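I have placed the structure first, in the form of structure tokens, so that the comments after it can refer back to it.
For clarity, every value in this text was computed on a predicted model and none was experimentally measured. Chain letters run A, B, ... following the sequence lines, proteins first, then strands; residues in each count from 1. What you see below is based on every heavy atom in this structure, not just the backbone, and it leaves out hydrogens, waters and symmetry mates.
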Protein chains: 2
Amino acid sequence: MAQRRPTLPPALTRGHDHHQCVHDALVEAERLCAGRDVRLTELRKRVLELIWASHAPVGAYAIMDLLRGEGRNAMPPTVYRALDFLLEQRLIHRIASLNAYIGCTHPGDRHAMQYLICKTCGTVAEIDNPAIDEAIAVTTGGLGFAPDSQTLEVSGICRDCRDAAR
Amino acid sequence: MAQRRPTLPPALTRGHDHHQCVHDALVEAERLCAGRDVRLTELRKRVLELIWASHAPVGAYAIMDLLRGEGRNAMPPTVYRALDFLLEQRLIHRIASLNAYIGCTHPGDRHAMQYLICKTCGTVAEIDNPAIDEAIAVTTGGLGFAPDSQTLEVSGICRDCRDAAR
DNA sequence: CACATATTTGTTATATTATAACACTGTTGA
DNA sequence: TCAACAGTGTTATAATATAACAAATATGTG
Ligand SMILES: [Zn+2]
Ligand SMILES: [Zn+2]
Ligand SMILES: [Zn+2]
Ligand SMILES: [Zn+2]
């Protein structure tokens with residue numbers, strides 16, 4: 001059963017152990033891929049790790065530059081194929097309003113995409129509020145619309161940045 | 001006071017009088033621009049009209065081609081500047097997941113963007129469900145996140161297309 | 001009206017994001 | 001060993017968007 005109550009996203013927890021975030025994400029990715037019998041190759045794993053470098057989303061060309069900095073001769077298709085794999089396996093998400101990619105904080109669970117995007121620090125927090133899903137379900141149900149995917153992108157300023165500003 | 005109850009969006013009303021949609025949108029645009037003391041020039045008005053040609057969103061380059069078909073020598077900046085104006089005046093919205101633009105069905109009211117996007121017919125219905133806004137406000141409030149804009153893009157199949165499929 | 005000013009549009013060039021097509025390499029399992 | 005397939009490399013190009021500057025048009029003022 002999925003978490004049914006909004007929890008504080010790690011991204012919005014000042015001074016959290018981010019090394020742990022990355023580690024957990026990679027371990028979970030390995031586990032999920034093994035269970036699904038798909039291959040998390042070195043390239044795919046490295047791209048996932050680069051995306052997890054922070055809680056701010058990363059563009060495809062930024063990833064390409066990072067790979068090149070490591071001596072890999074990465075061209076766009078190399079990056080986009082790795083991204084496509086990670087998206088298909090739902091290990092990352094694409095933030096449409098930013099054309100950028102971010103690690104999923106609860107892969108394995110199929111879920112709607114809901115983000116809080118801080119315009120100041122760039123941090124994106126994935127949230128999971130069932131009340132939002134339910135409100136959407138009421139509307140779509142009333143209109144006979146059958147949803148199959150959705151993204152909610154809320155742009156604003158996170159608490160840390162607001163605190164810092166005053 | 002804004003409409004406080006979900007209503008059936010014109011976009012999802014089969015056989016509605018779309019000519020009336022376009023007419024109303026243009027009249028309302030004229031009125032709003034006059035009130036704001038900004039200029040809805042011929043170009044801007046024509047771009048708005050082209051966007052309102054249907055309830056499916058239109059890409060910037062498609063608009064450019066339409067303008068060229070009318071003898072205007074439109075280059076990308078011409079189109080993007082008109083789009084920027086219409087976006088600023090909130091007469092149109094940009095659908096981030098489609099890189100495309102659609103006429104706003106209730107300009108004048110400041111509102112969050114909430115769309116139902118039919119993958120089959122391409123129709124985008126703008127909805128206005130206060131319960132969604134409230135659910136989002138609860139989460140953002142709890143996290144100390146100050147939202148200033150948001151977009152909800154629900155992709156799926158509309159009732160008409162589902163009916164047609166069976 | 002003549003003129004200064006500001007806004008809008010035109011034009012050229014380029015940036016950014018993403019995909020198509022085909023070749024090569026490595027893995028897997030007869 | 002070999003066939004089949006999955007993954008990656010390589011080249012080229014498509015699709016979306018912006019920068020910079022010039023020309024035209026509208027607006028206000030004397
Ligand atoms: Zn972290
Ligand atoms: Zn996720
Ligand atoms: Zn209509
Ligand atoms: Zn609207």
Side-chain angles (χ1 to χ4, degrees), chain A residues 29-30 33-34 36-51 56-89 91-102 122 124 151 153, chain B residues 29-30 33-34 36-51 56-89 91-102 122 124 151 153:
Chain A
E30 296 275 18
C33 288
R36 292 167 185 168
D37 209 29
V38 295
R39 292 172 52 204
L40 186 64
T41 62
E42 280 311 304
L43 173 65
R44 290 163 174 176
K45 189 173 172 179
R46 186 64 189 134
V47 169
L48 180 60
E49 202 172 3
L50 289 171
I51 290 172
V58 192
Y61 279 72
I63 294 169
M64 197 176 77
D65 291 344
L66 292 168
L67 288 173
R68 285 176 167 172
E70 298 175 349
R72 225 185 249 266
N73 181 20
M75 299 300 277
T78 299
V79 175
Y80 279 101
R81 281 188 293 227
L83 290 172
D84 287 346
F85 172 86
L86 296 170
L87 286 168
E88 268 168 25
Q89 298 303 320
L91 299 171
I92 63 171
H93 299 297
R94 179 172 189 276
I95 315 266
S97 60
L98 300 175
N99 296 328
Y101 304 83
I102 192 159
V124 171
T151 180
E153 302 177 13
Chain B
E30 297 274 20
C33 288
R36 293 167 185 167
D37 208 27
V38 295
R39 292 169 52 206
L40 185 65
T41 61
E42 279 312 302
L43 173 65
R44 291 164 174 174
K45 189 171 172 180
R46 185 65 189 135
V47 169
L48 180 60
E49 201 171 4
L50 289 171
I51 290 172
V58 192
Y61 279 72
I63 293 168
M64 197 176 76
D65 291 344
L66 291 168
L67 288 173
R68 284 176 167 171
E70 298 175 348
R72 225 185 249 267
N73 180 21
M75 299 300 277
T78 299
V79 175
Y80 280 101
R81 281 188 294 228
L83 291 172
D84 287 345
F85 171 86
L86 297 170
L87 286 168
E88 268 168 27
Q89 298 303 319
L91 299 171
I92 63 171
H93 299 296
R94 180 174 190 273
I95 314 267
S97 60
L98 300 174
N99 296 328
Y101 305 83
I102 192 158
V124 171
T151 179
E153 301 176 14

query = Quick check: does any side chain N or O of A:Arg44 sit under 3.5 Å from a backbone N or O of A:Arg39, one acting as donor and the other as acceptor?
reply =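 Between the backbone of A:Arg39 and the side chain of A:Arg44 there is a qualifying donor-acceptor contact (under 3.5 Å).
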
query = Side chain of B:Arg68, backbone of B:Asn73: donor and acceptor closer than 3.5 Å?
reply =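 It does not hold such a pair.
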
Nearest-Å distance for atom pair [atom1]/[atom2], residues [X] and [N]:
{"X": "B:Leu67", "N": "C:dG10", "atom1": "CG", "atom2": "C1'", "answer": "13 Å"}
{"X": "A:Leu87", "N": "C:dT17", "atom1": "CG", "atom2": "C1'", "answer": "14 Å"}
{"X": "A:Asp65", "N": "C:dT16", "atom1": "CG", "atom2": "P", "answer": "10 Å"}
{"X": "A:Arg94", "N": "C:dT17", "atom1": "CZ", "atom2": "P", "answer": "10 Å"}
{"X": "B:Leu83", "N": "C:dT8", "atom1": "CG", "atom2": "P", "answer": "15 Å"}
{"X": "B:Arg36", "N": "C:dT7", "atom1": "CZ", "atom2": "P", "answer": "18 Å"}
{"X": "B:Asp37", "N": "D:dT27", "atom1": "CG", "atom2": "P", "answer": "10 Å"}
{"X": "A:Asp84", "N": "C:dT19", "atom1": "CG", "atom2": "C1'", "answer": "10 Å"}

task = May I ask whether A:Tyr61 stacks on the base of C:dT17, given the cut-offs of 5.5 Å between ring centres and 30° between planes?
result =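 Stacking is present between C:dT17 and A:Tyr61, given that their ring centres fall under 5.5 Å apart and the planes under 30°.
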
query = Under 3.5 Å, is there an N or O donor on one side and an acceptor on the other linking the side chain of B:Arg81 and the base of C:dG10?
reply =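 For B:Arg81, whose side chain was compared with the base of C:dG10, there is a donor-acceptor pair (under 3.5 Å).
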
Minimum-distance nucleotide (side-chain atoms of [X] versus [options]):
{"X": "B:Pro77", "options": "D:dA19, D:dG9, C:dA18", "result": "D:dA19"}
{"X": "A:Asn99", "options": "C:dA18, D:dT16, D:dT18", "result": "C:dA18"}
{"X": "B:Met75", "options": "C:dT19, D:dT18, C:dT12", "result": "C:dT12"}
{"X": "A:Tyr80", "options": "C:dA18, D:dA19, D:dT10", "result": "C:dA18"}
{"X": "A:Arg72", "options": "D:dG9, C:dG10, C:dA18", "result": "D:dG9"}
{"X": "A:Asn73", "options": "D:dA19, D:dT10, D:dA17", "result": "D:dT10"}

request  = Please work out if B:Phe85 contacts a base, only the sugar-phosphate, or nothing of the nucleic acid, heavy-atom cut-off 4.0 Å.
outcome  =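 B:Phe85: no heavy atom of the nucleic acid under 4.0 Å.
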
Is the shortest side-chain heavy-atom distance between [X] and [Y] below 4.5 Å?
{"X": "B:Arg94", "Y": "B:Asn99", "result": "yes"}
{"X": "A:Ile102", "Y": "A:Ile92", "result": "no"}
{"X": "A:Val47", "Y": "A:Tyr101", "result": "no"}

query = Does a salt bridge link A:Lys45 with A:Glu42, judged by any charged N lying under 4.0 Å from a carboxylate O?
reply =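 No.
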
message = Let's see if you get this right: which residues in residues 39-50 of chain B place a heavy atom under 4.0 Å from DNA chain C?
response =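 The answer is B:Arg39, B:Thr41, B:Leu43, B:Arg44.
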
ask   = So, is A:Thr78 close to the D:dG9 phosphate, meaning a side-chain N or O under 4.0 Å from OP1 or OP2?
value =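 Affirmative; the distance criterion is met.
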
ask   = Just how far is it from atom CG of A:Leu48 to atom CZ of A:Arg46, taken to the nearest 0.5 Å?
value =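 A:Leu48 atom CG to A:Arg46 atom CZ measures 10.5 Å (nearest 0.5 Å).
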
key: Exercise: do A:Ser97 and A:Glu153 side chains pair donor with acceptor under 3.5 Å   =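 Short answer, yes.
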
